[in-house]
Amino acid sequence: MLRGTRPWQEELEIIDRTMRTISSLTDPEDVVSAYWSGIGDLIPVGDYVAMSRRNVEAPFYLITRSSRFEEELNPWTQRDRLPKLTGGLLGEIIYANKPVVIDDLPARLAPDDPGHFYLQGFQSLIALPQYDSGEGLNATCMLFPPGRSIDHSLIPTLHWHGSLFGRGTQNLVLRNQLASALAALDRELQVVGEIQRSLLPSELPKISGFDIAADYVTSARAGGDYYDFFPLDGNSWGIFIADVSGHGTPAAVMMAITHAIAHAQPDHHKPPAAMLAYLNDQLVRSYASAGTFVTAFYGVFDPLRRTLMYSSAGHNQPRVRRDGQIIALDDARSVPLGVVPEPRFTEATVQLNRGDLLLLYTDGITEAMPPVVRGQGPRLFGTERLDRVLCESTAQSAAGIINDIRAAVADFTNSAPPTDDRTLISLRCSG
């Protein structure tokens, strides 16, 4: 009769070594092998057969492991090669939903039993299930030839430990499946992000006497910020910036839709208010059920007159830096796009002087936050800090201004990853 006869210190050492080995493994099959190798040092069971009815239609079941397999099969990666049986003694055991102990196996095993190959020649077996949601979907049978058996007083502890191990192995399988699914999702999101970025201008307008720069950073693989430039008659340019509510893929999809609508607009020479009204009409008509909205700012820039005629749909107020002072463009504001049908969009015009700087941005800049400190509420970068950076910047180029803003935001947030998309467009009247 087999029973634990080692000193407890030696058994503890074996268990500790086994658990340490298992802790570094990620393949479930390797974990099972390491576990039974360690258990074999404590209780030398040389013969076994394991079954599973997970994802198998009753009354069928699979033989997942057996000491009589001529070829070792991996039940996770070679499931299609596992023997599939129905009925017989092993069928009774796997569907019993409880531990089974048989001490007179030869008397119970019929010659035509489907599992005869795996059970013949043994005197007794101990079958212990591994439960999932109360169902013994897997079971392992320890097999003993005539003249050998196990101390029955050890069976409750074996069942306890085996069940915990089985649950841990299943959790590892689920973790690996989740990791694989997340990796696939991340690859898809990366493609979505690449497609989204391809919708942004590949190059910025080149306008004599003006320096233009733009910067776009997403908080995820893909985001909902969007900016664009439309060439218009008379060497004018349409300047568009938008921010879709929400983050990630849903926002990126709505951003792509907004881009498509804007570029499908048959007449880009519409005044700013008419352009926003057109976009709003399309979004409300076809996409209001999506539950998202879009803040947007559209301006028509005339470089000859240095004028910007603009209209805003709930977007952040652009800034004009002039002689160390900040002018907020807040004279033509309305509700965001996609919220209500036929809102009233108005227009305003600002005259830009030589040396002026125009800055357009999304709220990922002003709502940037540092990590929250215990006992303190959240702090935002805010428009006041943005205005201070604009006024104190000594950069002589549009790109330099953007770099100063990015550096200030990084300093304020302790370089924490952005929680929202960040877009900046700067236009400097240098001529």
Side-chain heavy-atom pair [X], [Y] within 4.5 angstrom cut-off:
X	Y	answer
V320	I326	no
R285	Q282	yes
N235	I207	no
Y216	Y227	yes
L200	M255	yes
K84	V56	yes
T307	V300	no
Y298	S311	no

- Message: Out of the candidates L359, L358, L360, only one should pair with L329 under the side-chain contact (heavy atoms from CB on, under 4.5 Å) rule; please name it.
- Response: L358
- Item | Partner of Y361 under side-chain contact (heavy atoms from CB on, under 4.5 Å), chosen from T423, T366, D243 | T366
Near [X] [atom1], under 6.0 Å, is it more than 12 heavy atoms from other residues, nucleotides or ligands?
X	atom1	answer
D323	CG	no
R406	CZ	no
E384	CD	no

Between [X] (side chain) and [Y] (backbone), is there a donor-acceptor pair under 3.5 Å?
X	Y	result
D302	L304	yes
D281	E342	no
S66	V49	no
S24	T21	yes
R428	Q396	yes
Q351	R305	yes
T413	P370	no
D132	L137	no
S236	L232	no
T64	S52	no

- Carefully, step by step, assess L283 and M254 under the rule side chain to side chain contact (heavy atoms under 4.5 Å, CB included). CA-CA 9 Å; L283 290 173; M254 187 57 69; 4.1 Å; yes
Under a 4.0 Å threshold between the charged nitrogen and the carboxylate oxygen, would [Y] count as salt-bridged to [X]?
X	Y	value
R321	D356	no
R422	D225	no
E135	R53	yes
D16	R20	yes

- Task: Applying side chain to side chain donor-acceptor pair (under 3.5 Å), name anything that partners N316, two or more places apart in sequence or on another chain.
- Result: none
- Could you go step by step and tell me if C141 and M51 meet the side chain to side chain contact (heavy atoms under 4.5 Å, CB included) rule? CA-CA 8 Å; C141 297; M51 304 89 70; 4.0 Å; yes
- Checking side-chain hydrogen bond (donor to acceptor under 3.5 Å, both in side chains) for the pair N97/Y95: CA distance, chi angles, key distance, verdict? CA-CA 5 Å; N97 231 29; Y95 283 97; over 6 Å; no
- Taking it one step at a time, do V217 and D421 satisfy side chain to side chain contact (heavy atoms under 4.5 Å, CB included)? CA-CA 6 Å; V217 177; D421 308 323; over 6 Å; no
- Query: Please walk me through it: do F240 and F229 pass side chain to side chain contact (heavy atoms under 4.5 Å, CB included)?
  - Reply: CA-CA 6 Å; F240 187 72; F229 296 91; over 6 Å; no
Assess the side chains of [X] and [Y]: does a donor N or O sit below 3.5 Å from an acceptor N or O?
X	Y	answer
S219	D420	no
H315	D363	no
Y278	N280	no

- Message: Quick test of your reading: applying ring pair (Phe, Tyr, Trp, His ring centres under 6.0 Å), list the pairs with at least one residue in residues 388-426, sequence neighbours left out, ordered by first then second residue.
- Response: F381-F412
